[in-house]
Amino acid sequence: MIRGGFSGSILHVDLTHRKITIEPLDAALAEKYIGGLGLTIRLAYDEIKPGTDALSPENPVVLGAGPLVGTSLPSSSRVYAVSKLPTSNTIGWCGAGGANFGYLFKNAGFDHIVIKGRADQPVYLKIIDDDVEICPAGDLWGLGVEEADAVLRKKYEDRIGVLSIGQAGENRVPFSMAFVDRISTLGRGGLGAVFGSKNLKAVMVRGTRGIKVADRKRYKSLTKSFLKTIREYPYLKEWQDLGLVKSFPMIPKEEYFGMKKRRMACVSCPIGCKDLVEIPDGEFKGLTKHTSSVINLYTPVLYGFKDYRESVKCMATIDAYGLDMFEFFGIMGFVRSLLDNGVIPRDLPGSEIALDSLHSMEEWARKISFRDGFGDVLAGGFKNIIDTFGKEAEKLSPALVKGMHPYAGPNSALPWNLFGTMELGQILDPRGPHVGSGGSPTYFARRPLAVFPKHLTRMGVPQEDIKRILPGYGSPDQQQGLEVGKLLKYSHRWFTLLGSLGICARAAINRFYNAELCAEFYETVTGIQTSLPDLRQRVDRVWTLLRIANLREGFAENDEAPPESWFNTPGFKNYLTDEPLAREDAEQMIGDYFEEWGWDRKTGTPSRSLLKELDLKEL
Amino acid sequence: MGKYDIQVYTEKCTGCLRCQLACSDLTSKAFNPLLSKIQVFISNSGECTIHFTEECNQCGICVDHCFYDAMQKNEKEVDK
C-alpha cells in the first residue's frame with residue numbers, strides 16, 4: 001500500500017477536445033514499475049499505438065516525476081518525458097534535471113501528465129494545484145525559451161515551474177528540444193517538435209499540497225547519516241565551485257570564474273552543477289545565460305570558435321530557439337562538407353556557412369528554426385538532406401544511428417576515443433544516440449580495473465555478475481578483463497533505477513547513492529515493502545518494456561549496427577588496452593549486452609521465459 | 001522566539017531550496033517548500049533574496065540543511 005512519495009493522481013489533457021480529467025494513480029501499476037521513468041514508460045507504452053506518426057495529434061507526451069521527487073533526498077528532482085520522437089522515430093525517454101518544475105508538479109498533486117491531441121491555436125497548460133486550464137498562448141508563441149519562461153514568471157509571480165519550447169519546436173524542427181525552467185534540456189530526438197505539433201508552447205506548474213513520507217522516523221535516521229557522508233566528502237567544495245568543469249579540465253578556469261554569475265542547483269541538490277553566467281566584457285558584455293552545464297556553452301569552440309564570449313552568445317541563440325546543439329552543428333558540418341565537395345552548388349544556401357563564425361551560425365540557427373529558405377531543407381535533419389541530395393551526399397554523411405548523430409567518438413564533437421559503456425550505449429539505448437554516463441565507471445577515462453568491483457557493488461550488481469563483467473580482475477592479466485557489453489546492462493539498470501525514483505545520475509551526486517540504499521529510501525518514502533532484488537526485477541521490467549515498445553515500432557538489429565567510421569583510423573580504442581576496436585569486438589559486445597538482459601543474442605528480442613518472469617507476457 | 005540570530009549570504013545561495021524543504025517538513029510534516037517560513041527567490045537576472053515570514057521562530061533548521069554556507073546561525077544573547 002502506498003503511504004507516501006507519490007502524489008496520487010494522473011492528469012490527462014486532451015488538447016483537441018479541450019478536455020481535462022484527473023484519474024487516481026493505479027497503485028498496483030505504480031508499484032510494478034516503481035514510478036518516475038519506469039511508470040512513464042509503461043503509461044506511454046499503453047498510450048502509443050504502434051506506427052503512430054511522432055508529429056500527429058495521436059502521439060502522446062507522457063511526463064512523470066518519481067516518488068522521491070519533492071522530498072529532501074539529495075538531488076531528487078528528475079523529470080521524464082516519453083513520446084514517439086520525430087528524429088529517430090523511436091519511443092524514447094527524455095530526462096532533465098527538474099530544477100523547480102519537478103517538485104512543484106508533484107506538489108500540485110500529480111505524478112504524471114498524459115497530453116494528447118492538438119489544440120486549434122497556440123496554448124499553454126496552467127496547473128496551479130486543482131486549477132488546471134488550457135490557456136491561449138498567443139503572446140508566448142514566437143518567443144524564445146527564456147523569453148517565454150520570463151513572461152510566464154512575470155504573469156504568475158515567479159514561484160512556478162515552466163516547461164517550454166522555442167521557435168524551432170513551434171515550427172516542428174525534428175531536432176528541437178523542450179526546456180525545464182529554461183535551464184535543463186529535455187528531449188534530444190525532438191520532444192520540442194512534438195510539443196509544437198500539438199500547438200503546446202508550455203506547461204507551467206505551482207503546487208502546495210505537500211509530499212509526505214511514509215516512515216518519518218526511519219527517513220530522519222537514514223538521511224541524517226547520508227547527508228553527513230556528503231558533507232564530509234573531501235571534494236564537496238571543489239565540485240560546488242567547479243561543477244562539471246571539474247570533469248572537463250580543458251575549459252580555462254579563469255574564463256569560467258570570470259563569467260560565472262551564480263551557481264544554480266536543482267531543488268534538493270547539495271552539489272549544484274548548473275550555472276547562470278554573464279559575459280564579463282567585449283561586444284556582448286552583460287549578456288546572461290542559464291545553462292545546465294557550462295560545458296555546453298563551449299560546444300561552438302569544439303567546432304572552431306576562437307572566442308569563448310562568441311561561443312556563449314551563439315549557444316544563447318541556439319538554446320533560445322530550442323535547437324539540439326549537437327544535431328545543429330553536426331548538420332552544419334555535413335552541409336559544409338557537401339559544399340566543399342561540390343555536392344551542393346555553392347550559391348544554393350544563399351548565405352555563407354562557416355562553422356567558426358558567430359554571424360553565420362546564428363543566421364543558420366534562425367533559418368532552420370523558422371524554416372526560412374534553404375533552412376527548411378536543413379530543418380528536416382540528416383535524413384532530409386540525404387534524401388534531397390542523393391547518394392553523393394550519403395557518402396559524405398557522418399555516422400548516423402537511427403537517423404541521428406552520435407556525438408561522442410573519434411572525429412565527433414566529443415572526441416572521446418575509449419570505448420566504454422556510454423560510447424556503446426549510443427547504439428543500444430532504445431531511444432537512439434544519447435550520451436549519458438548511466439553512473440558507469442567507464443564514464444571517466446582510464447580508470448584502473450581495481451576500482452570497478454566497489455563501484456559495481458554500489459550500483460547493485462550481484463557479486464556473481466561482477467565476476468562475469470570483470471573476468472580479468474584478480475588475474476595477472478587484468479588488462480584483458482572488462483566486458484563492456486555486459487557492463488552496459490548494469491549501467492542501464494542503475495540509470496533506470498535512479499530515474500524511476502527521481503534521482504539525478506550525474507557523477508557528482510550518484511556516487512553517494514548505492515542500490516541497497518535506494519531500496520531503503522523507496523520503502524521508507526512510499527511505504528511499499530521493497531528489497532533490492534524486488535527493485536532489480538522492476539527495473540528489468542521497465543527496460544525490457546522499452547525494448548519491446550521499440551521492437552513493436554519495427555526496429556531491428558540492423559538499426560543497432562555500429563557505424564563504419566567507428567573502426568576507421570583513427571577509430572575507437574579498447575577502454576583498457578588502447579588497442580584499436582574492431583567491428584567484431586563491437587558486435588560481440590552487442591550480443592553480450594542482449595544476452596545479459598535475457599534477450600536473443602542476435603535480434604535483441606526478449607525471450608518468452610523472460611517475459612513470463614517479468615510478468616510482461618500479456619504485452 | 002527561537003534562540004538564533006540567522007545571518008544570510010545571498011551571494012552563496014544556489015536556489016536548491018533545501019532550507020524550505022526542511023522548514024516545511026518540520027512545521028507541516030510534509031515537504032511543501034512554498035509554505036515554508038523561509039522563502040528564497042532568485043530572479044531571472046540572478047539576484048537572490050532570502051526572506052523569513054512573520055511565523056518564523058528562528059529555530060535554525062534552515063541553516064542546518066544548507067550545503068552552500070548561504071546562512072549562519074548564532075545563539076542569541078539572553079538577559080538573565
Side-chain angles (χ1 to χ4, degrees), chain A residues 4-5 69-77 99-100 103-104 106-107 146 149-150 153-154 157-160 181-183 206-213 216 219-220 223 227 230-231 236-237 240 260-278 286 288 290 525, chain B residues 2 4 6-57 59-74:
Chain A
V69 175
T71 71
S72 65
L73 287 172
S75 310
S76 55
S77 75
N100 287 290
Y103 95 83
L104 289 166
K106 289 284 299 288
N107 269 276
E146 290 218 22
D149 185 287
R153 279 177 204 281
K154 192 170 178 196
E157 295 168 354
D158 284 309
R159 289 168 205 276
I160 58 174
D181 291 325
R182 42 65 176 121
I183 200 165
R206 180 161 62 211
T208 52
R209 286 166 167 264
I211 302 298
K212 291 200 164 109
V213 163
R216 290 179 55 81
Y219 182 88
K220 203 171 171 185
T223 51
L227 293 172
I230 299 176
R231 269 192 200 282
L236 176 66
K237 288 290 165 207
Q240 288 180 334
K260 183 165 90 166
K261 187 167 188 189
R262 184 174 291 280
R263 166 51 47 82
M264 304 289 286
C266 292
V267 164
S268 80
C269 183
I271 308 280
C273 64
K274 302 187 184 322
D275 283 302
L276 175 64
V277 302
E278 180 174 343
T288 59
H290 289 88
V525 170
Chain B
Y4 296 108
I6 297 173
Q7 210 162 356
V8 298
Y9 304 95
T10 54
E11 72 281 4
K12 294 184 176 176
C13 179
T14 63
C16 79
L17 306 190
R18 292 198 62 81
C19 53
Q20 291 183 217
L21 286 161
C23 171
S24 60
D25 183 49
L26 181 74
T27 54
S28 69
K29 293 191 169 27
F31 295 107
N32 202 340
L34 291 188
L35 301 187
S36 89
K37 316 299 177 205
I38 174 173
Q39 290 292 321
V40 172
F41 175 64
I42 297 177
S43 73
N44 264 347
S45 54
E47 278 70 42
C48 173
T49 54
I50 299 177
H51 165 73
F52 298 91
T53 68
E54 284 182 8
E55 294 84 36
C56 170
N57 65 5
C59 73
I61 194 169
C62 50
V63 181
D64 298 340
H65 282 76
C66 180
F67 272 72
Y68 299 95
D69 301 326
M71 284 181 279
Q72 197 181 337
K73 64 182 185 184
N74 298 305

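We name chains A, B, ... by the order of the sequence lines, and we start the count at 1 in each one.
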| request: Using non-hydrogen atoms and a 4.5 Å limit, figure out which bit of A/R262 sits close to chain B: side chain, backbone, both or neither. | output: side chain
| field | Choice from A/G4, A/G210, A/G207 maximising heavy atom contacts with chain B below 4.5 Å | value | A/G210
| Do the non-hydrogen side-chain atoms of A/V69 and B/F31 ever get within less than 4.5 Å of each other? | no
| query | So, the side chain of B/Y68 versus the backbone of A/G272: is there a donor-acceptor pair under 3.5 Å, distance only? | reply | yes
| Residue selection (most heavy-atom pairs with chain B, distance under 4.5 Å) from A/R216, A/R153, A/R263 | A/R216
| message | Let's test your reading of the structure: which of B/A30, B/C16, B/S24, B/S43 forms the most heavy-atom pairs below 4.5 Å with chain A? | response | B/C16
| field | Side chains of A/C269 and B/T14 in contact at under 4.5 Å (non-hydrogen atoms) | value | no
| said: Among A/K106, A/E146, A/R209, which residue has the highest count of heavy-atom pairs closer than 4.5 Å to chain B? | reply: A/R209
| query | So does B/K37 have more than 12 non-hydrogen atoms from other groups sitting under 6.0 Å from NZ? | reply | yes
| query | Does A/Y103 reach the side chain of B/L17, with side-chain heavy atoms less than 4.5 Å apart? | reply | yes
| said: Let's test your reading of the structure: which of A/N100, A/L227, A/I230, A/L236 forms the most heavy-atom pairs below 4.5 Å with chain B? | reply: A/L227
| Side-chain touch A/K237/B/D69, heavy atoms, less than 4.5 angstrom | yes
| query | Between A/K220 and B/D25, does at least one N-O distance fall below 4.0 Å, as a salt bridge requires? | reply | no
| Top contributor to chain A contacts, counting heavy-atom pairs under 4.5 Å, from B/A22, B/C13, B/G15 | B/C13
| message | For B/E11, I'd like to know if atom CD has over 12 heavy atoms of other residues, nucleotides or ligands within 6.0 Å. | response | yes
| Looking only at atom types and distance, does a side-chain atom of A/Q240 sit under 3.5 Å from a main-chain N or O of B/F67, one as donor and one as acceptor? | yes
| query | Between A/T71, A/V213, A/L104, which residue shows the highest count of heavy-atom pairs closer than 4.5 Å to chain B? | reply | A/T71
| request: For residues A/A150 and B/N44, report the shortest heavy-atom separation together with the two atoms involved. | output: CB-ND2, 3.3 Å
| task | Find the distance between SG (B/C48) and CG (A/L276) and round it off to the nearest 0.5 Å. | result | 12.0 Å
| task | Write down the atom of B/N32, the atom of A/T208, and the distance for their closest heavy-atom approach. | result | ND2-O, 2.8 Å
| message | Check this for me: does any side-chain nitrogen of one of B/E47 and A/K261 sit under 4.0 Å from a carboxylate oxygen of the other? | response | yes
| message | Taking side chain as everything from C-beta outward and backbone as N, CA, C, O, which of these in A/I183 sits under 4.5 Å from a heavy atom of chain B? Side chain, backbone, both or neither. | response | neither
| task | Identify which of A/A265, A/C266, A/S75 forms the greatest number of heavy-atom pairs closer than 4.5 Å to chain B. | result | A/A265
| query | Within a strict 4.5 Å, meaning less than it, do heavy atoms of the B/S45 and A/E278 side chains meet? | reply | no
| Quick one: CG on B/L34 to CZ on A/R159, what's the gap to the nearest 0.5 Å? | 7.5 Å
